Amino acid sequence: MSEKKMPMRAGGAAARIAVIAGDGIGKEVTPEAVKVIRAATAKRKRALEFVEFDWGADKYLKEGVTLPAGAVEMLRDEFDAILFGAMGDPRVPSNQHAADILLGLRFKLDLYVNARPVELLHERLTPLRGRTEKDIRLMVFRENTEGLYVGVGGFFKKGTADEIALQEDVNSRKGVERIIRYAYEYVVANGLKQVCMSDKSNAMTFAHDLWQRVFKEVRAEYPGIESRHLYIDTLAMEVVRDPGQFDVIVTCNLFGDIISDLTAQLVGGLGVAPSGNIHPGKTSLFEPVHGSAPNIAGKGVANPFGSVLASGMMLEYLGWKEEAQVLRESVKTALKENVVTADLGGAKGTVEVGDWLARFVERA
Ligand SMILES: NC(=O)c1ccc[n+]([C@@H]2O[C@H](COP(=O)([O-])OP(=O)(O)OC[C@H]3O[C@@H](n4cnc5c(N)ncnc54)[C@H](O)[C@@H]3O)[C@@H](O)[C@H]2O)c1
């Protein structure tokens with residue numbers, strides 16, 4: 001992530017982190033991540049303040065409240081970042097609280113970058129034969145506020161044999177430009193070589209024609225960066241065949257949702273996948289990719305790596321690169337020494353792994 005000067009920390013004030021653990025295993029992995037962040041930042045004397053919010057299914061079922069009134073403004077004005085766990089509870093089949101809270105924050109805080117790093121931390125995690133850590137390291141940037149996910153559409157003759165359902169793909173020039181530009185700026189800031197923009201402009205001749213034209217304009221501003229275009233179906237094949245050929249992939253909301261799950265699986269899947277929902281310079285949200293995992297919730301066996309790696313992304317966003325690197329190293333070393341939960345073939349519990357990581361970052 002490029003470093004940002006956060007407005008809330010002017011004058012040496014503490015960075016303020018809102019912690020929304022949410023539901024299910026969100027409530028188990030998030031405290032472990034906070035423990036590891038505290039250990040890494042205390043050693044380096046970084047001022048950090050955590051404020052916990054109990055938003056989630058329990059509150060919704062008790063009080064009927066999802067995202068409380070004024071919450072978005074408070075997070076926007078008083079916090080630097082949000083550490084998020086997961087939302088989803090079988091007692092709320094509509095998933096209303098999750099939609100209001102998580103999608104509400106993504107849209108209302110205008111978190112237009114969904115950043116999904118894809119890094120192989122141990123070769124045994126990849127299903128690809130013969131690949132090692134040096135072969136898989138790339139970043140997927142998914143547009144996070146537009147596209148097919150804005151909820152514009154409707155039914156005609158619903159429930160009849162003649163039913164028609166429409167779902168509009170909404171792409172603004174501003175929205176397309178800012179996510180493509182973010183991808184180039186990331187490449188520049190991190191000394192990388194290439195941006196690959198992916199769309200389906202051969203079939204989606206209006207929406208993705210706009211992506212093509214904006215890509216052409218923005219790429220012209222970065223002559224030193226290799227610019228590449230692949231249709232999304234070709235990208236899906238290429239990224240499995242040879243992930244090492246990519247530095248940064250940028251694409252629309254729907255394609256990014258799918259391709260980033262595919263790439264996550266190349267490096268170990270849900271338990272180790274982090275993500276950031278970012279608006280540069282503003283309060284941004286960091287979370288593991290996994291959900292609330294009701295099937296293992298409450299058993300103390302959830303893997304905290306995704307949440308710890310998301311915390312590393314958050315620290316990097318706050319400008320604390322050294323701490324971010326230490327968190328990454330802690331997970332990498334735990335994998336090497338097999339200090340892992342059952343999903344990765346180990347026998348450790350969530351808290352045991354969290355304690356081990358905290359001790360590692362204190363020593364590092
Ligand atoms: N960002 C979010 O908050 C988010 C994301 C995805 C799903 N959800 C919600 O979570 C609920 C469950 O969804 P799901 O079952 O499809 O997806 P899930 O990610 O919760 O679980 C899928 C599978 O992966 C396992 N798993 C996930 N995270 C793990 C971890 N850290 N350690 C070990 N195993 C882990 C689970 O046990 C389960 O078998 C649903 O309500 C869904 O809507 C929320």
Side-chain angles (χ1 to χ4, degrees), residues 18-36 53-61 66-67 82-107 109 111 114-116 121 125 127 142 144 149 253 256-258 260-262 264-265 267-278 284-314 331 334-335 339-354 356-357:
V19 180
I20 306 170
D23 304 327
I25 63 166
K27 287 196 258 192
E28 298 171 51
V29 295
T30 312
E32 297 312 307
V34 170
K35 189 195 300 175
V36 179
F53 295 93
D54 64 350
W55 307 336
D58 287 343
K59 191 178 181 71
Y60 177 58
L61 290 168
T66 56
L67 194 58
I82 303 162
L83 181 61
F84 195 90
M87 290 282 163
D89 188 305
R91 295 170 300 165
V92 188
S94 68
N95 235 1
Q96 188 57 47
H97 69 299
D100 285 3
I101 297 170
L102 185 54
L103 297 183
L105 290 178
R106 279 185 190 162
F107 281 98
L109 291 171
L111 304 175
N114 190 274
R116 295 273 299 264
L121 293 174
L125 294 182
R142 157 189 172 193
N144 212 25
Y149 290 18
N253 207 338
D257 193 359
I258 299 166
S260 62
D261 270 19
L262 185 154
Q265 209 55 50
V267 293
L270 281 177
V272 293
S275 73
N277 298 265
I278 296 168
S284 295
L285 184 152
F286 298 84
E287 57 173 337
V289 169
H290 64 73
S292 58
N295 58 335
I296 56 164
K299 295 183 178 158
V301 297
N303 185 349
F305 286 169
S307 188
V308 171
L309 292 170
S311 303
M313 293 176 75
M314 182 176 77
V331 172
L335 279 162
V339 185
V340 297
T341 44
D343 57 307
L344 297 180
K348 302 281 187 217
T350 311
V351 175
E352 254 178 304
V353 174
W356 192 95
L357 298 173

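Just follow the structure's listing: the first ligand is 1, and inside any ligand the first atom is 1. Computed from a predicted model, the values in this text were never measured in an experiment.
Of the candidates G88, A293, P90, it is G88 that places a heavy atom closest to atom 41 (O) of ligand 1. When K299, H290, M87, E28 are ranked by how near their heavy atoms come to atom 28 (N) of ligand 1, first place goes to H290. Comparing A273, P304, S292 against atom 10 (O) of ligand 1, the shortest heavy-atom distance belongs to S292. Of all the listed residues (N295, N303, D343), N295 holds the heavy atom that lies closest to atom 39 (O) of ligand 1.
We find that D58 and R91 are joined by a salt bridge, their nearest charged nitrogen and carboxylate oxygen being less than 4.0 Å apart.
Within the 4.5 Å cutoff, side-chain heavy atoms of V34 are placed close to those of L83. Using a 4.5 Å heavy-atom cutoff, the side chains of F305 and L357 are in contact. Side-chain atoms of D343 and L270, non-hydrogen and from C-beta on, never get closer than 4.5 Å to each other. Side-chain contact check for L102 versus E287: some heavy-atom pair is nearer than 4.5 Å.
Heavy-atom contacts of L102 reach the following atoms of ligand 1: 1 (N), 2 (C), 3 (O) (cutoff under 4.0 Å). Interface atoms of ligand 1 facing E287, defined by a heavy-atom separation under 4.0 Å, are 1 (N). Below 4.0 Å from some heavy atom of A302 lie the following atoms of ligand 1, by number and element: 32 (N). Remark: ligand 1 atoms within the under-4.0 Å shell around heavy atoms of A86 are 3 (O). Near N95, with a cut-off below 4.0 Å to any heavy atom, the atoms of ligand 1 are 43 (O). Residue-ligand proximity, V289 to ligand 1, at heavy-atom distances under 4.0 Å covers atoms 5 (C). Distances below 4.0 Å separate heavy atoms of L270 from the following atoms of ligand 1: 19 (O), 22 (C), 24 (O).
Of the heavy atoms in D23, none comes closer than 4.0 Å to ligand 1. Under 4.0 Å from ligand 1, the heavy atoms of I25 that appear belong solely to its side chain.
Put simply, the side chain of S275 never gets that close to the backbone of R116: no donor and acceptor are under 3.5 Å apart. In this structure, the side chain of S307 does not engage the main chain of P288 through any donor-acceptor pair within 3.5 Å. S292 places a side-chain N or O within donor-acceptor distance of the main-chain N or O of G88, the cut-off being under 3.5 Å. Within the 3.5 Å criterion, the main-chain N or O of R106 finds no donor-acceptor partner in the side chain of N277. Of the possible donor and acceptor atoms, one in the side chain of E28 sits under 3.5 Å from a partner among the backbone N and O of G298.
Annotation: G271 places no N or O atom under 3.5 Å from an N or O atom of ligand 1; distance criterion only. Checked against a 3.5 angstrom limit, the closest N/O atoms of R106 and ligand 1 fall outside it.
Under the 4.0 Å distance rule, the nearest protein heavy atom to atom 16 (O) of ligand 1 falls outside the cut-off. Using a 4.0 Å threshold on non-hydrogen atoms, atom 25 (C) of ligand 1 does not count as touching the protein. In this structure, atom 34 (N) of ligand 1 has protein heavy atoms in its sub-4.0 angstrom surroundings. Under the 4.0 Å distance rule, the nearest protein heavy atom to atom 13 (O) of ligand 1 falls outside the cut-off.
Residue contacts with ligand 1: P294 is included, with a non-hydrogen atom under 4.0 Å away.
D89 and H97 form no side-chain donor-acceptor contact under 3.5 Å, judged by distance and modelled atom types alone. Between the side chains of Y60 and D100, not a single donor N or O lies within less than 3.5 Å of an accepting N or O.
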